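These notes are about the structure you will find just below.
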Amino acid sequence: MATIAPETTGAGWLDPFLAAWRPGTGEPSEVREPATGRPLLTLNQATPDDVARAAAAAAAAQPGWADTSYAERAAILRRAAEIYEAHRPEFGTWTQRETGAVHSKMHHEQNFAVGELHAAATMPFQPYGQLVPSVVPGRLSMLRRVPAGVIGAITPWNSPSVLGMRVVAPALALGNAVVLKPDPQTPVCGGAMFAAVFREAGLPEGLLQVVIGGAEVGEAIVTEPNVNRVSFTGSTAAGRRVGTLAGGLLKRVSLELGGNNAFVVLDDADVEAAASAGAFASFQFQGQVCFATGRHIVHRSVAGDYVDLLAEKAKRLRLGDPYREEVDLGPIVNEKQLVRVDGIVRRSVDAGARVVVGATHEGLFYRPTVLTDVTADQPAWREEIFGPVAPVVVFDTDDEALALANDSDYGLTGAVYSRSISRGLALAQRMRSGMVHVNDQTVNDEATIPFGGMGASGNGARFGGQANWDEFSEWQWLTVRDDPKSFPYPY
Ligand code: NAD
């Protein structure tokens, strides 16, 4: 049962749902607000047995759902979108309090979650196969997409509503069931909200199971026989473990992992526009997004102006409790992450990086930081920082910029600023990255595009648009012939 802390309760639509919610039978755990340390709610974590029960219920419900008419599946997704819209302020509050998101990030997340529902609601209307020619005269040869079955969805705390909805909505649209495990820091905006919305929308019982817990519960989902596919979003380290477990079971797994994204500013760029975009891309949501800019690669002739502008913007950003104050940056999500971010900065400074601004913190509030004199052997260059830190390096030629941009194990997203579209495009096309933007920054996503990365940013999986058909369905080849074929066998 979830116990809501007194301060969290109100006349909320979710309150009765949360009061009755039983996401697990394991140990109770408390969720605290990063900005204030105040408790938000206490709930029982799931156990591996709970995961097995949830997956069995999902597997039992799935075939009936796959047989439900496309119009009815789409109608439930549209209703879910309406219900989500109607309760956005409340969902936004939970998002801000569980994650520490500022208002703009919170609104973006709510918009995106609703957008995913709208996009998914169109999927049941789309053609789900093809007729293909056959070498056998008179044989009807059909390719059709069938649901994958039960999808195990594992999501992180940093954008829980978007990253959950980008799996749950298309997976349900195509006739699957889902076992969803958000991060234990975000059980409401990454889990309970989904369960409540889809229940109200009329989704049949059993199809969406939400379990709460950490790595042990995640691994139970991956190894659970009733889970047919796994959709994992999180760190590269955990993704490797998930991929190894799933691979041993011959289970298909989609891994959307970390990033250390390059932002290239050429000598002919609009430096003011580039600096404002670069500041946003490194500092918004405290830099805690997979597609944040982790490396600013700037032409020597404009680097001085660029760094000055970036530092000036960093100084102006207001830090505070994003739920109760109008601020630009909230807290780092927890002490462990803060120590990690600060450790990367300290070790880089020890190795020769220079702090232009920032690199201090009060509690979990880390000042936006600009580093120069960054070299390729420093942690600020090599590692995904996942904090509000902008390391800057300079280059002289476009080839050098490209080599620097590609000097990373990751390959999620990238950006190039240039007044010459052809020059920008030439560089963008050679960047080893799943997504690249010319004259826009790295933090970009839309429900219509195949989101995902190369290298250590994933295993080639893509979420969104047409890619969702690959993620959440399987091909089946069906043939039919009028005359039962006999074989002159043995020859
Ligand atoms: P994390 O890997 O620690 O946790 C992510 C989720 O995986 C959580 O639900 C966690 O409980 C679960 N988990 C952890 N270990 C597991 C295991 N061994 N087996 C199964 N599940 C396990 O990541 P995090 O620190 O919470 O999130 C930040 C990371 O996520 C960053 O690296 C960020 O770049 C990445 N991310 C990637 C994308 C993308 O689309 N590529 C989007 C958002 C975040």
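Note that the structure is a prediction, hence the values are computed from the model and not measured. Atoms within each ligand, like the ligands themselves, are counted from 1 in listed order.
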Residues [X] and [Y] bridged, charged N to O under 4.0 Å:
{"X": "D321", "Y": "R97", "value": "no"}
{"X": "D409", "Y": "R432", "value": "no"}
{"X": "R318", "Y": "E325", "value": "no"}
{"X": "R347", "Y": "D350", "value": "no"}

Whether the N468 and R166 side chains hold a donor-acceptor pair (N or O, under 3.5 Å, no angle test) is what I'd like checked. no
Does any donor atom in the side chain of T375 or D377 lie under 3.5 Å from an acceptor atom in the other side chain? yes
Starting from [atom], which protein heavy atom do you reach first, and at what distance in Å?
{"atom": "atom 19 (N) of ligand 1", "result": "E219 CG, 3.2 Å"}
{"atom": "atom 1 (P) of ligand 1", "result": "S235 OG, 3.6 Å"}
{"atom": "atom 14 (C) of ligand 1", "result": "A238 CB, 3.9 Å"}
{"atom": "atom 35 (C) of ligand 1", "result": "G234 O, 3.2 Å"}
{"atom": "atom 12 (C) of ligand 1", "result": "I154 CG2, 3.7 Å"}
{"atom": "atom 27 (O) of ligand 1", "result": "P156 CB, 3.4 Å"}
{"atom": "atom 24 (P) of ligand 1", "result": "W157 NE1, 3.7 Å"}
{"atom": "atom 34 (O) of ligand 1", "result": "E384 OE2, 2.5 Å"}

Contacts of E219 that satisfy salt bridge (Lys or Arg N to Asp or Glu O under 4.0 Å) - sequence neighbours left out: R241
According to salt bridge (Lys or Arg N to Asp or Glu O under 4.0 Å), who are the partners of R367, at least two apart in sequence or on a separate chain? none
Do ligand 1 and K181 have nitrogen or oxygen atoms that lie under 3.5 Å from each other? yes
N or O contact, R166 vs ligand 1, cut-off under 3.5 Å: yes
Quick one: does ligand 1 sit under 4.0 Å from the side chain of [X], the backbone, both or neither, non-hydrogen atoms only?
{"X": "Q337", "value": "neither"}
{"X": "E256", "value": "both"}
{"X": "F463", "value": "neither"}
{"X": "T233", "value": "both"}

Parallel, tilted or perpendicular: ring planes of H296 versus Y306, cut at 30 and 60 degrees: tilted
In terms of relative ring orientation, are H361 and Y366 parallel, tilted or perpendicular, with 30° and 60° separating the classes? parallel
Could you list the atoms of ligand 1 found under 4.0 angstrom from a heavy atom of [X]?
{"X": "R241", "result": "18 (N)"}
{"X": "V242", "result": "19 (N), 20 (C)"}
{"X": "G218", "result": "20 (C), 21 (N)"}
{"X": "F386", "result": "28 (C), 31 (C), 33 (C), 34 (O)"}

Does ligand 1 have any atom sitting under 4.0 Å from a heavy atom of [X]?
{"X": "K336", "answer": "no"}
{"X": "V222", "answer": "no"}
{"X": "F232", "answer": "yes"}
{"X": "F451", "answer": "yes"}
{"X": "G214", "answer": "yes"}

Member of I151, T155, L255 meeting the side chain to side chain contact (heavy atoms under 4.5 Å, CB included) criterion with S231: I151
Among C290, G434, A456, closest by any non-hydrogen atom to atom 39 (C) of ligand 1: C290
Should one rank N260, T155, D183, L257 by closest heavy-atom distance to atom 6 (C) of ligand 1, which comes out on top? T155
[X] and [Y]: which non-hydrogen atoms are nearest, and at how many Å?
{"X": "F194", "Y": "C189", "value": "CE1-O, 3.6 Å"}
{"X": "A456", "Y": "T236", "value": "O-OG1, 2.9 Å"}
{"X": "Q286", "Y": "V102", "value": "OE1-CG1, 4.5 Å"}

Would you say the side chain of S161 lies within less than 4.5 Å of the side chain of M165, judging by non-hydrogen atoms? no
